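Sequence lines set the chain letters: A, B, ... in the order given, protein chains first and strands last, and positions in each chain run from 1. Keep in mind that this is a model prediction, so the values were computed, not measured.
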There are 2 protein chains.
Amino acid sequence: MRKKRTKEQAMDQQLPALGVEPYLELMNQTAAEDTERKSAHMGLLMLWLSDNVLDVMDGDLAPYGISESKLDLLLLLVLHEGRELITPSGLADRLGIRRASVTALLDWLEKRGWIIRIQSEADRRMIHVRITEEGRALVKQVLPTFWSTCASLFDGLSQEERVIAEKLLIKLHGIVEKRMGGGR
Amino acid sequence: MRKKRTKEQAMDQQLPALGVEPYLELMNQTAAEDTERKSAHMGLLMLWLSDNVLDVMDGDLAPYGISESKLDLLLLLVLHEGRELITPSGLADRLGIRRASVTALLDWLEKRGWIIRIQSEADRRMIHVRITEEGRALVKQVLPTFWSTCASLFDGLSQEERVIAEKLLIKLHGIVEKRMGGGR
DNA sequence: CGCAACTAATTAGAATATCTAACTAAAAGA
DNA sequence: TCTTTTAGTTAGATATTCTAATTAGTTGCG
């Protein structure tokens, strides 16, 4: 879970917002010679942006009592439904976390009645995970907000800017996805 | 702390990577009427990208035994040094977390000798936080990696694409920053 | 002045999200 | 059958956050 923002501060010994410039100055003194300054600057913005994007989404999902990562798991269950059997191991692999972490996640979701575990007939070590009707109802309730929050990230962009943004995002996503060895 | 990626999975009951299409199909069924589909699609990519960006950075910083958020705090100390007095309250406000959380962060950093707390003379309730020589040394050691990781996020982009990306990132950062009420 | 009200920081206790290592039970191999 | 491997869970840990209560110091005001 990430930050929250509330007011709890006397307008007093507050640190002024520095903006990006002091960071760039520091970069000039501390980056390796072969580091492309312009790219590093963009990366810094990207990092800040990423932080804020996740905060915004978690903030908008909070009223539903579910985090983005748990919703992610539920969506996985919805999208793979019928196609293939979903096991904790499979989920761990797809989410990039350990089996033990999935166990904890599933415990949490099961406690709320949003998923069920069914022991596999074929291989009795395995568990099949399924979303319940209640889980499906939750997803249905949450998704409109999810999508509108997604869209809201680009609210100030013109039509042309959106076209550009789309291409770029696809490319960046590809670059970083590769760098992670991941795949969604 | 976010995910990690390791192999610990039999090539067996793995969930296939679905890609973005099933998500878009689901969006068509579940987004509100007035949600702009193209933007929502981009937002989804942005969300995935954000997750990956933070993972990449935390992965690259891990060898130094410090997380991005703790490095962030140390950088704040470096950049405000000499200009203004830095208190836990001020830090909490700037980092968008509670004073109690800052206390925990400072305990951790102090235990490693990277910061010190100095009781204020003027107002004995207050604490001034300062980075130590060891803390400065750590920052100096980490920053080259930090910047090169930042830059690496754009490794596959052409020169023109970078120019476009820069404009766009500045704009998006502005949008989301505003949406958060934040300021760095 | 002296006390009520406020403020700064910490402590205590909790939740989430992750990890590693050890364990249990089942399946597979030889 | 007996060993090894696999799936899932448990146990115990760390990190990052929170709220509420506490301690100690400052300020305002009658």
How are the rings of B:W48 and B:Y23 set relative to one another: parallel (under 30°), tilted (30 to 60°) or perpendicular (over 60°)?
perpendicular

Which nucleotide, [options], lies nearest any side-chain atom of [X]?
X      : options                : answer
B:K70  : C:dT10, C:dC19, D:dA15 : D:dA15
A:S101 : C:dA9, D:dA7, C:dT18   : C:dT18
A:T103 : D:dG8, C:dA9, C:dT11   : D:dG8
B:A100 : D:dT16, D:dA7, C:dA12  : C:dA12

In whole Å, what is the span from the CD1 atom of A:I97 to the C1' atom of C:dT16?
12 Å

Rounded to whole Å, CD of A:E68 lies from P of C:dT16 at a distance of 17 Å

Over 12 foreign heavy atoms within 6.0 Å of [atom1], [X]:
X      : atom1 : answer
A:R130 : CZ    : no
B:E25  : CD    : no
A:R37  : CZ    : yes

Report, one pair per line, the protein and nucleotides 26-30 of chain C atoms (nitrogen or oxygen only) whose separation is under 3.5 Å.
from: C:dA27; atom 1: OP1; to: A:R124; atom 2: N; distance (Å): 3.0
from: C:dA27; atom 1: O4'; to: A:R125; atom 2: NH2; distance (Å): 3.4

One thing to verify: whether B:R162 and A:E36 come together as a salt bridge, which I'm taking to mean a side-chain N less than 4.0 angstrom from a carboxylate O.
yes

Counting only side-chain N and O atoms of A:S89, is one of them less than 4.0 Å from OP1 or OP2 of D:dT6?
no

Taking OP1 and OP2 of C:dT10, is either one under 4.0 Å from a side-chain nitrogen or oxygen of B:R117?
yes

Where the side chain of A:Q119 meets the backbone of A:R124, is there a donor-acceptor pair that is under 3.5 Å apart?
yes

If we ignore hydrogens and angles and just use 3.5 Å, is the side chain of A:R94 paired with the main-chain N or O of B:P16 as donor and acceptor?
yes

For a quick check under 3.5 Å, do A:W114 and A:T132 share a side-chain donor-acceptor pair by atom type?
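No, A:T132 and A:W114 have no side-chain donor paired with an acceptor closer than 3.5 Å.
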
Contact list for DNA chain D against residues 104-113 of chain B - heavy-atom distance below 4.0 Å
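DNA chain D contact set from residues 104-113 of chain B: B:A104, B:W108.
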
